[in-house]
Amino acid sequence: MANIKKGDLVQVITGRSQARGGDRGKQGKVIEVLTDRNRVIVEGVNYVTKHSRVGQSDRGTKTGGIETVEASIHISNVAIVDPSTKKPTRVGFRTETVTKNGASKTVRVRYAKKSGKDL
């Protein structure tokens with residue numbers, strides 16, 4: 001089971017500080033998790049300028065040009081934000097037995113380690 005999932009609120013914990021034009025300390029929601037490369041794309045973090053070739057659509061309008069998009073960041077450079085304290089925290093897992101429709105099964109639940117709250 002992954003520590004960071006799509007939709008989690010994370011904070012950048014390494015890199016240049018915001019005062020020097022970096023992203024350290026910024027918080028954002030995870031848009032996508034790239035598990036094969038151990039990277040995540042976070043909303044509002046690590047903007048890059050992307051140049052795309054100018055073309056024409058079917059209606060004759062111009063497409064392409066210069067746009068800014070979020071680039072991926074390594075998963076070790078972000079930490080999950082604890083929902084109660086709004087500070088970065090580590091994630092743990094515990095097993096719980098859940099009874100549903102008369103059948104019980106064991107499931108793993110993520111929780112914030114420092115505060116002990118469920119995520």
Side-chain angles (χ1 to χ4, degrees):
M1 191 173 211
N3 289 349
I4 297 177
K5 295 181 176 181
K6 180 179 175 180
D8 284 345
L9 184 66
V10 295
Q11 180 171 339
V12 179
I13 55 174
T14 57
R16 292 179 96 180
S17 64
Q18 289 183 1
R20 301 189 69 196
D23 291 328
R24 184 176 28 166
K26 285 187 181 178
Q27 292 184 357
K29 195 178 271 192
V30 175
I31 299 172
E32 187 178 358
V33 179
L34 308 170
T35 54
D36 55 331
R37 299 190 325 205
N38 290 331
R39 297 177 85 79
V40 292
I41 298 176
V42 182
E43 185 178 27
V45 174
N46 199 20
Y47 275 114
V48 294
T49 305
K50 185 176 180 181
H51 297 258
S52 59
R53 180 176 288 210
V54 176
Q56 280 189 334
S57 67
D58 295 336
R59 294 185 171 184
T61 58
K62 297 273 185 187
T63 61
I66 301 172
E67 54 187 26
T68 56
V69 293
E70 290 108 348
S72 65
I73 185 170
H74 199 269
I75 208 161
S76 65
N77 296 335
V78 296
I80 288 191
V81 173
D82 187 0
S84 59
T85 61
K86 300 291 186 220
K87 291 189 176 181
T89 185
R90 291 180 177 223
V91 176
F93 295 94
R94 66 172 165 251
T95 57
E96 293 181 357
T97 306
V98 177
T99 305
K100 188 174 181 182
N101 297 334
S104 62
K105 67 178 185 178
T106 305
V107 294
R108 292 177 73 200
V109 178
R110 289 190 309 164
Y111 69 96
K113 276 195 171 180
K114 290 180 186 171
S115 65
K117 303 272 186 185
D118 286 336
L119 290 176

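Count residues from 1 along the sequence. Small disclaimer: the values here were computed from a predicted structure and weren't measured.
- For residues 12-35, every residue pair satisfying the salt bridge (charged side-chain N to carboxylate O under 4.0 Å, His left out) rule, not counting sequence neighbours, is listed here: Asp23-Lys26.
- Under the 4.5 Å side-chain heavy-atom criterion for grouping Ile, Leu, Val, Met, Phe, Trp and Tyr, Ile73 is connected to Val91 within one hydrophobic cluster.
- To the nearest 0.5 Å, atoms CD1 (Ile75) and CG (Asn3) are separated by 7.5 Å.
- Distance check, rounded to the nearest 0.5 Å: CG of Leu9 to CG of Asp82 gives 10.5 Å.
- Note that NZ of Lys5 is 5.0 Å distant from CZ of Arg110, once rounded to the nearest 0.5 Å.
- The shortest distance between side-chain heavy atoms of Lys100 and Val107 does not fall below 4.5 Å.
- Applying the side chain to side chain donor-acceptor pair (under 3.5 Å) test to Ser76 and every residue at least two apart in sequence or in another chain returns His74.
- Note: Thr14 OG1 to Asn77 CG = 3.0 Å, rounded to the nearest 0.5 Å.
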Identify all side-chain donor-acceptor contacts of residues 39-52 below 3.5 Å with residues at least two apart in sequence or on another chain.
from, atom 1, to, atom 2, distance (Å)
Arg39, NE, Ser72, OG, 2.8
Arg39, NH2, Ser72, O, 3.4
Asn46, ND2, Ser72, O, 2.9
Tyr47, OH, Glu70, OE2, 3.3
Ser52, OG, Gly65, N, 3.4
Ser52, OG, Gly65, O, 3.4

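- Each of Val69 and Ile66 belongs to its own hydrophobic cluster when Ile, Leu, Val, Met, Phe, Trp and Tyr are linked at side-chain heavy-atom distances under 4.5 angstrom.
- Closest of all the heavy-atom pairs between Tyr111 and Phe93 is CE2-N, 3.5 Å.
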List the atom pairs, with distances to 0.1 Å, where a side-chain N or O of residues 53-62 and a protein N or O form a donor-acceptor pair under 3.5 Å, not counting sequence neighbours.
from, atom 1, to, atom 2, distance (Å)
Ser57, OG, Thr61, OG1, 2.7

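- Side-chain heavy atoms closer than 4.5 Å link hydrophobic residues (I, L, V, M, F, W, Y) into clusters, and following such links, possibly through other members, connects Val33 to Ile80.
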